Each structure stands twice: as C-alpha cells, then as structure tokens.
Amino acid sequence: MQCLRTLRTACVFAAALALVACASLMPEKSSSNTYSCGQLDIRVAETDAGLLGIDFADQRLLLKPVESASGALYAAPDNPNTRFWSKGERASLTIDGERYPECLEPGAIEEPFEARGNEPFWRVQVAGGQLTLERPYESTTPLRLDAELEQSGRHGRTFVAEGSGVRVKLSVARQLCNDTMSGSQYPVQAHLTINGEAFEGCGGDPERLLRGVDWVVETIDGSPVMDRTRVTVRFLDQHRVAGRSSCNRYTGRYHLTGEGLTLGSLASTRMACAPSLMNQEHRFQELLGQVNRFRIGTRGELRLLAPDGRAIVAHRSSDGSIP
C-alpha cells in the first residue's frame with residue numbers, strides 16, 4: 001500500500017512537471033493596448049515576428065523596433081515617416097508624416113491637462129506631478145500643490161492635492177462636455193472640490209474632437225450629398241485642413257478657440273466636372289468658409305455651423321483612409 005501511494009505521488013509530480021515543461025514551450029501571449037488618438041481608435045500588439053501591429057478601421061501597420069533614448073519606438077521598414085512611440089499610458093502616432101493627436105489609453109488624459117468652470121470662474125492644471133489651481137472668487141496668485149493620482153480607470157482619473165489649508169480633489173471623465181458660458185465642447189467632464197465645496201466644468205484639448213479621421217459629409221445646408229460623390233473634411237496637425245469638395249481637392253487653415261472654429265485661406269485644385277458636381281462643390285466651399293463653430297451630435301456626427309444656422313453635417317469615415 002505504501003508503495004502504491006508513493007507511485008501515485010510520483011505520477012502526480014511527473015504530470016505537474018510535464019505541464020510546466022509544455023507551458024514553457026508555448027509562446028507567450030502578446031499583450032495588446034488600445035489608444036484613442038483624437039477621433040482615431042487604434043489597437044496595438046506585438047506579433048510573433050517581433051514586429052508591432054497597429055490596427056485601425058480596415059488597415060494594419062507593421063512596424064519594427066528602432067533605437068530610442070526613452071520609451072519604445074517603432075517605425076515602418078520602408079517609411080521612416082510612419083512611426084509609433086509609447087511610454088506609460090501615452091503614445092504618439094505619425095502616419096506618412098501626419099502626426100496625430102496624443103494617443104491615450106482608456107481613461108488617460110493629456111499632459112499638461114487643463115480644466116475650467118464658470119460662475120464662479122475656476123481653472124486647474126495638472127502636469128509633472130503638480131496641480132495648479134486658480135480658485136473661485138479669488139484673484140490671487142495660483143496655488144501650486146503636489147498632486148497624487150488617487151484613482152485610475154477606463155473612464156477617467158481622480159487627483160488629490162493638499163496644502164496651505166486647502167484640500168483639492170479633481171475627478172475627470174472622458175465624456176463630451178458643453179461649456180456653460182460659450183457653448184463650446186470639450187472631450188472631458190471635470191468635477192472639482194475645494195475643501196468639500198463642489199464645482200463643475202470641462203477640460204481637455206477640443207482638437208481631439210475634430211482630428212484623427214476623415215469626416216465624410218452627409219448634408220450641405222440640409223441637402224444630401226449626391227450619390228456616388230465624396231465630400232470630406234480632415235483636420236490635420238499645425239492647424240491645417242484638407243479634403244475633397246466633390247470634384248476638386250482643397251486645403252486651408254483652421255483656427256480653434258474657446259469661442260469657436262473658423263476656416264480660412266482655402267485653396268482648391270481647378271478640375272472641371274459636370275455642372276451638378278460643380279454646383280455642389282460651390283455650395284460646400286461657400287458654406288465651409290462661413291463656419292464659426294462646431295458641434296458633436298448625439299450620433300457622434302460633426303456639425304460645422306455658420307452664424308445663420310446653416311450647417312455641414314458629416315460622419316466619421318469607417319475606411320481609415322488617409323489623404
């Protein structure tokens with residue numbers, strides 16, 4: 001009987017060793033991360049070949065690791081102007097020379113991050129482990145405190161700071177926020193408490209609501225875009241805008257402030273098309289030049305609005321096209 005128990009124990013031990021050996025021979029499962037680069041959502045994962053795969057819309061980029069002084073850097077083997085860099089929960093993406101807005105993991109915020117509220121006015125900035133606060137009802141020098149990350153999740157972050165008789169708590173959530181005074185929109189909702197008194201506001205870079213994708217126009221001043229035609233708007237880095245206006249391509253500049261959005265210095269190619277296309281193009285370009293604000297609608301659509309209420313309505317392209 002003792003021999004039988006010993007044999008059984010040896011068999012169990014041998015089986016355990018076999019499982020360990022099999023596990024050691026199996027390839028490690030590659031970890032993957034998701035990021036939001038403005039309006040562009042990407043998924044990043046290492047491949048078995050040691051490359052980095054970046055998936056977005058219907059496209060895939062394969063990048064190889066390259067030397068970097070800080071963080072992890074990858075570049076396309078045949079195109080150094082396509083690269084991805086990451087460190088911690090932040091990353092940057094450049095495709096064919098176009099630099100996208102800072103890529104953030106779910107819940108993360110850009111740094112420096114700024115939020116503000118109205119009635120009473122307040123403003124707070126978080127950067128480099130410090131929280132800088134302009135307090136409501138006061139016009140004194142901003143208060144600078146060491147900040148700690150109290151909570152981190154897929155939907156936002158909570159920071160706390162204390163000093164000089166003031167305890168501050170800032171909670172931010174990655175949700176669309178409407179400024180109560182200007183009506184402008186921001187990508188983050190902010191909740192601030194100062195010694196227990198609560199204030200609401202908005203934060204983050206509003207360019208993140210515009211940049212990263214082609215916006216495909218659905219209607220121009222209420223009229224649907226003609227079948228089998230394509231009208232687009234793309235907001236690029238360095239305050240550039242470009243797209244297709246039916247027959248021709250156009251480029252220009254945009255200016256985004258807390259009061260609104262304007263587009264100007266529009267230049268276009270000069271191809272001639274059918275009269276109906278040229279008429280649609282003229283209406284689009286004329287209205288685009290009068291835009292003074294934008295709204296993101298309940299379906300995620302972009303509304304470019306003129307002072308008289310006329311609008312260009314567009315949705316995000318699903319094909320990942322890059323101009």
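It should be emphasised that the depicted structure is a prediction, and the values quoted were computed from it without experimental measurement.
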| query | With a 4.5 Å limit on heavy-atom distance, are the side chains of Asp205 and Pro101 in contact? | reply | no

| field | Pairs where residues 255-274 contributes a residue and the test ring-ring contact (aromatic ring centres under 6.0 Å, His included) is met, not counting sequence neighbours | value | none

| Over 12 non-hydrogen atoms of neighbours within 6.0 angstrom of CD in Glu200 | yes

| note | Paired with Phe235, the ring-ring contact (aromatic ring centres under 6.0 Å, His included) test is passed by just one of Tyr100, Tyr254, Trp215, namely Tyr254

| field | Any donor-acceptor N or O pair under 3.5 Å, side chains Asn292, Thr262 | value | no

| task | Sort and list the pairs that fulfil ring-ring contact (aromatic ring centres under 6.0 Å, His included) and have at least one residue in residues 131-171, not counting sequence neighbours. | result | none

| With side chains defined as the heavy atoms from C-beta onward, is the minimum distance between Glu89 and Arg157 less than 4.5 Å? | yes

| task | Report yes or no: do Gln125 and Thr132 form a side-chain donor-acceptor pair below 3.5 Å? | result | no

| request: Over 60° means perpendicular and under 30° means parallel, so classify the ring planes of Tyr35 and Phe84, tilted if in between. | output: perpendicular

| query | For Arg316, does its backbone N or O pair with a side-chain atom of Gln39 as donor and acceptor, under 3.5 Å? | reply | no

| Beyond-backbone contact of Glu110 with Leu104, side-chain heavy atoms, under 4.5 angstrom | yes

| remark: Result for side-chain contact (heavy atoms from CB on, under 4.5 Å) between His315 and one of Val217, Val216, Asp214, Leu302 points to Val216

| query | So do Glu281 and Cys273 actually touch side chain to side chain, heavy atoms under 4.5 Å? | reply | no

| field | Heavy-atom donor-acceptor pair, Gln185 side chain to Ile296 backbone, under 3.5 Å | value | yes

| field | Contact check, side chains of Leu277 and Thr229, non-hydrogen atoms, under 4.5 Å | value | yes

| Sidechain-backbone polar pair: Thr269 side chain, Asn248 backbone, donor-acceptor under 3.5 Å | no

| Does CD in Glu148 sit with more than 12 non-hydrogen atoms of other residues, nucleotides or ligands closer than 6.0 Å? | no

| Are Asn81 and Asp96 close enough that some pair of their side-chain heavy atoms sits under 4.5 Å apart? | no

